[in-house]
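Structure first, commentary second.
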Amino acid sequence: MKKQIVITDCDHGSIDIETQVLNQASLDFDFHQCKTEEDLTSHCKGARAAINQYAPYTRKVFESLPELELVVRYGVGVNNVDLDAATDHHVQVCNVPDYGMYEVADHALAFMLAMTRRIVKMNDSVHRKEWDYQKSIPIFRHSHQTVGIIGFGRIGSVFAQRVHALGCRILAYDTKYPSQAKRPARIPDYVELVELETLLEQSDVVSIHCPLDNAYHLIGETELKKMKESAFIINVSRGGIIDEEALNMALTNKWIAGAALDVTQDEPVNTESPLFQHDMFLCTPHMAWYSEQAAKELKQKVAEEVVRFIKGEAVHYPVNSLKK
């Protein structure tokens, strides 16, 4: 007999936390490792709710699963879910937007410090038995620097708190707040809302914290040329926001001083990418979200969202709006 809940795919070491939460609510579930539309339509028939990681929820899938009412994604992004199709088929889509926001902000800060203080470059230099601080020149005092934050949601605001503690001037650009006149009360006084062009021109460090929606290749050749030659750019948000071909041009031609990516347009990143030829290019494997605590929180919250829905309670993290 098909269960009303299914975990469609999960590459974590275990699903013990999800199992515990669902069992405490007296809810049974099926677990599969779906990768394709066909896998989903085969294994999810009859299910009311699905917990999903990477499997593609397309219009074809929703059409084939008329009893499906809820999809909850492990994580923030919902790129693998066709939201329009979900809404058309009266399927509520939820994510977990707040499970790793401190970790992502900390990762961006670590990238920033590693580049502005030349940590990786000078570590490599010492490993080559070179002992010469002058190879790090120039380094600037953080309290004399400007940090630009693209996207001022949960993570952007936490990152701002961290760099404010260093004494940095902080600029922010967010399409939700196009002017100071529409500045929400939650944005601290130490943050200046500016246009993207102003942010790029004045910032010593640019850190990206916006969703991919309407931001694909937001940072391309034109934008990179506006930045200071001494500036650094960081992306811990979504791959594709920075045009990587343009980024390679920027590093090759010294339009900017360096870049750090935790996310890339194609993941895993192509190890033959010309970006790896640059000393001041840092890259980590989409791990900014991770800590032991964040991983557990994510699993707890996806399961709890399903429990709320099955019990007829309001979900906490709706992504799409359904007509009543």
Side-chain angles (χ1 to χ4, degrees), residues 1-34 40 43-57 61-62 65 67-83 86-87 89-107 153-155 157-158 186 209 211 237-238 286-324:
M1 180 179 177
K2 290 281 186 180
K3 305 291 193 304
Q4 64 176 336
I5 300 169
V6 59
I7 298 177
T8 64
D9 59 310
C10 181
D11 66 1
H12 304 163
S14 77
I15 55 168
D16 292 346
I17 293 174
E18 298 93 317
T19 300
Q20 181 180 14
V21 172
L22 294 172
N23 286 350
Q24 283 179 346
S26 300
L27 297 173
D28 293 327
F29 66 93
D30 284 332
F31 176 42
H32 302 281
Q33 291 290 13
C34 300
L40 289 171
H43 293 299
C44 299
K45 288 192 182 302
R48 286 186 61 201
I51 298 174
N52 162 259
Q53 190 172 14
Y54 302 121
Y57 276 83
V61 169
F62 289 118
L65 301 174
E67 295 176 284
L68 187 65
E69 300 175 30
L70 174 73
V71 174
V72 184
R73 259 224 81 234
Y74 285 106
V76 182
V78 290
N79 299 28
N80 62 314
V81 180
D82 185 331
L83 292 178
T87 303
H89 288 81
H90 306 288
V91 177
Q92 179 69 69
V93 179
C94 299
N95 63 352
V96 185
D98 58 356
Y99 71 99
M101 60 185 184
Y102 300 109
E103 286 78 3
V104 177
D106 290 346
H107 204 85
R154 292 180 178 88
I155 297 171
S157 61
V158 173
R186 72 171 185 82
H209 299 279
S237 184
R238 283 288 177 268
H286 204 146
M287 60 170 285
W289 64 274
Y290 173 73
S291 72
E292 286 295 299
Q293 292 77 15
K296 292 175 181 177
E297 184 180 359
L298 172 62
K299 297 164 80 62
Q300 180 95 13
K301 286 185 172 181
V302 294
E304 289 174 344
E305 190 80 317
V306 170
V307 171
R308 279 189 286 270
F309 184 86
I310 295 296
K311 289 185 173 182
E313 300 172 5
V315 293
H316 286 188
Y317 306 112
V319 176
N320 59 334
S321 298
L322 300 182
K323 295 180 180 179
K324 295 182 180 180

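This chain uses plain numbering: 1 for the first residue, then up along the sequence.
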Heavy-atom pair of closest approach, residues [X] and [Y]:
X: A55; Y: N80; answer: O-ND2, 2.8 Å
X: L68; Y: V91; answer: O-CG2, 3.3 Å
X: A50; Y: T8; answer: CB-CG2, 3.9 Å
X: L322; Y: Q92; answer: CD1-N, 3.6 Å
X: G75; Y: N95; answer: O-CB, 3.3 Å
X: P318; Y: C94; answer: CA-SG, 4.0 Å

* Do D9 and Y74 have a side chain donor and acceptor closer than 3.5 Å? -> no

Does the side chain of [Y] come within less than 4.5 Å of [X]'s, by heavy atoms?
X: L22; Y: V307; value: yes
X: V72; Y: Y317; value: no
X: R238; Y: P211; value: no
X: L27; Y: Q4; value: yes
X: H316; Y: E305; value: yes
X: Q300; Y: E18; value: no
X: R48; Y: K3; value: no

* Under the side-chain contact (heavy atoms from CB on, under 4.5 Å) criterion, do H32 and L40 qualify, and how do the steps go? -> CA-CA 9 Å; H32 302 281; L40 289 171; over 6 Å; no

* Asked: Salt bridge between D16 and K299, side-chain N to carboxylate O under 4.0 Å?
  -> no

* With under 30° as parallel and over 60° as perpendicular, where do the rings of W289 and Y99 fit, or are they tilted in between? -> tilted

* Just say parallel, tilted or perpendicular for the rings of F62 and H89, cut-offs at 30° and 60°. => parallel

* **Main-chain N/O of S291 paired to K296 side chain as donor or acceptor, under 3.5 Å** => no

* To do: Give the intermediate values and the outcome of side-chain contact (heavy atoms from CB on, under 4.5 Å) for residues F29 and V6.
  => CA-CA 5 Å; F29 66 93; V6 59; over 6 Å; no

* To do: Carefully, step by step, assess R73 and V93 under the rule side-chain contact (heavy atoms from CB on, under 4.5 Å).
  => CA-CA 8 Å; R73 259 224 81 234; V93 179; 5.7 Å; no

I need the [X] [atom1] to [Y] [atom2] distance, nearest 0.5 Å.
X: H107; Y: I155; atom1: NE2; atom2: CD1; answer: 12.0 Å
X: T19; Y: F31; atom1: OG1; atom2: CZ; answer: 9.0 Å
X: I7; Y: H43; atom1: CD1; atom2: NE2; answer: 14.0 Å

* Would Q293 and Y102 satisfy side-chain contact (heavy atoms from CB on, under 4.5 Å), going step by step from the backbone distance to the final call? -> CA-CA 11 Å; Q293 292 77 15; Y102 300 109; over 6 Å; no

* Flag if over 12 foreign heavy atoms under 6.0 Å of NE2, H90 -> no

* Picking from N52, I51, I15, V302, what satisfies side-chain contact (heavy atoms from CB on, under 4.5 Å) with C10? -> I15

